[in-house]
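Okay, structure first, notes after.
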Amino acid sequence: MEQHSKNIKNLDTETQDVQKLINSKTYKTPCYLFKKNVLINTLNDIEHTIKTKYNNIRLSYSYKTNSDKEVLKTLRKQKICIEVVSKKEYTVSKKMGFKDIIYNGPAKSKKTFIDALENNYIVNIENKRELSWLKSIKSKKHIKIGIRVNFPLSCFIANAKSINSRFGFNLYEDLKKVLKDLKKYKNIKVVGLHYHSTYIDRTPEKFKIVTQELLKFSKKNNLDLDYIDIGGGFDCLNHSKFSFNDYMDAIYSCKEFDKKLNIIIEPGYGLINSCYDYLTKIVDIKKTQKANFFLCDGSKLHLNIKSKVNSFNVDFLKEVNSKKIIDNYIVGMSCMESDRLHLTNKKLALKINDKVLFKNCGAYTSSWNSGFILEKPRFYTLK
Ligand SMILES: Cc1ncc(COP(=O)(O)O)c(C=O)c1O
């Protein structure tokens with residue numbers, strides 16, 4: 001918890017620094033502001049905590065969450081392992097010089113699948129198609145492989161969504177068959193089990209359950225594993241109600257815990273969400289009988305098209321208490337009625353050209369920009 005409160009303090013200072021920078025510089029809007037030092041500090045803190053306390057944890061970053069060039073360059077400089085889920089992500093990561101790669105997901109190509117195995121990267125098999133690629137390899141060289149598995153979290157966590165996952169092989173029903181089949185290939189060794197699922201509450205409990213179930217299976221079936229890869233789904237690792245230590249303690253508290261086994265984590269959101277802000281400016285104000293609309297030069301399309309109003313914290317709002325209660329919306333540039341970013345009953349004393357900053361929006365925002373209606377926002381790295 002100590003580490004965690006230190007980070008919260010840093011984050012307050014960081015917010016003030018960002019505000020100062022915005023007031024002193026002329027950033028062209030709309031733009032993403034990449035708080036590079038937040039990412040570097042978070043990574044350094046995590047690396048330090050792993051080294052001193054949780055030394056069988058292996059950190060990797062989930063590429064898809066945000067693959068802006070500056071983000072990837074920063075991660076590569078910090079020598080972080082990258083988790084990729086497609087031929088495109090694999091090829092870019094290799095070209096950029098990432099030394100450690102984890103190759104997941106159904107969008108591999110046969111060529112990059114084989115290339116990854118030849119380079120001794122971690123490859124987690126997703127389906128029968130990839131099993132057939134594996135079996136078609138003629139070389140008798142030893143091949144190490146991981147297998148993605150699934151099981152419903154809802155069996156263990158009451159409010160987790162009940163879903164029959166389409167990813168990997170069911171841990172309780174299908175995996176044994178796959179392992180039996182692969183036993184016929186003397187040069188192939190299953191050295192890892194991989195699991196990832198989305199759980200909206202992002203609790204440490206989820207990671208304890210996943211670790212426990214994978215380790216139980218491994219023990220029961222006498223697997224000789226090098227790693228279990230328990231995926232992503234962490235809350236912000238520098239300023240949420242759960243600290244990095246909370247997650248690690250949960251994982252380490254498993255009954256079956258094996259100190260010799262590597263445990264891979266693949267945070268995306270947990271690492272990058274708090275490293276971005278999104279700056280816009282007000283370009284029109286429309287006052288009507290029932291609501292006021294403050295049009296900014298940004299849009300939900302630059303954040304998350306599916307997000308609801310008030311999904312993001314906002315700075316520079318200039319809210320004032322007022323007797324007249326009326327809905328005040330900050331709305332976006334697209335022609336979708338739902339392009340409403342912020343709603344308040346308080347009076348907004350915003351004027352044309354005033355800036356509005358949407359905070360902590362690095363995950364699944366920039367990487368989802370589709371080009372629909374609007375151009376991609378500008379990008380600045382804050383030093
Ligand atoms: C296999 C895998 N690993 C890691 C992640 C990252 O998840 P998050 O951004 O929730 O940490 C995802 C996201 O979908 C994923 O599919």
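We use all heavy atoms of the structure for the numbers below, so side chains are in, but hydrogens, waters and symmetry mates are not. As the structure lists them, so they are numbered: ligands from 1, and atoms in each ligand from 1. In this chain, numbering begins with 1 at the start of the sequence shown.
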Any N/O of [X] closer than 3.5 Å to an N/O of ligand 1?
| X | value |
| --- | --- |
| G268 | yes |
| Y269 | yes |
| R202 | yes |
| E266 | yes |

### Query
Can you check side-chain contact (heavy atoms from CB on, under 4.5 Å) on Y63 and L72, steps first, answer last?
CA-CA 8 Å; Y63 177 118; L72 294 182; 3.7 Å; yes

#### Entry: cation_pi(K161, Y199) dist<6.0 Å, angle<=45
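So K161 doesn't make the cation-pi contact.
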
Could you list which atoms of ligand 1 come closer than 4.0 Å to a heavy atom of [X]?
| X | result |
| --- | --- |
| H194 | 1 (C) |
| G232 | 3 (N), 4 (C), 7 (O), 11 (O) |
| P267 | 11 (O) |

### Query
Can you find a pair of side-chain heavy atoms, one from D229 and one from E266, that are under 4.5 Å apart?
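Yes, close enough: below the 4.5 Å cut-off.
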
### Task
Step through the shown structure and confirm whether more than 12 heavy atoms of other residues, nucleotides or ligands are within 6.0 Å of CD1 on I200.
no

### Message
Please check if the number of heavy atoms outside K208 that lie under 6.0 Å from its NZ is greater than 12.
### Response
no

### Message
Between K144 and D226, does any side-chain N to carboxylate O distance fall below 4.0 Å?
### Response
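Looking at K144 and D226, the cut-off is met.
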
### Query
Between K189 and D224, does at least one N-O distance fall below 4.0 Å, as a salt bridge requires?
yes

### Query
So is Y364 in contact with ligand 1, going by heavy-atom distances below 4.0 Å?
yes

### Message
Starting from atom 5 (C) of ligand 1, what is the nearest protein heavy atom, named by residue and atom, and what distance separates them?
### Response
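Heavy-atom neighbour on the protein nearest atom 5 (C) of ligand 1: H196 CE1, 3.5 Å.
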
#### Entry: Heavy-atom nearest neighbour in the protein, as seen from atom 11 (O) of ligand 1, with distance rounded to 0.1 Å
G233 N, 2.8 Å

### Of the listed options R148, K64, E83, closest to atom 15 (C) of ligand 1 (non-hydrogen atoms)
K64

### Query
Any side-chain donor-acceptor pair under 3.5 Å between N328 and T344?
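Result is no, nothing qualifies.
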
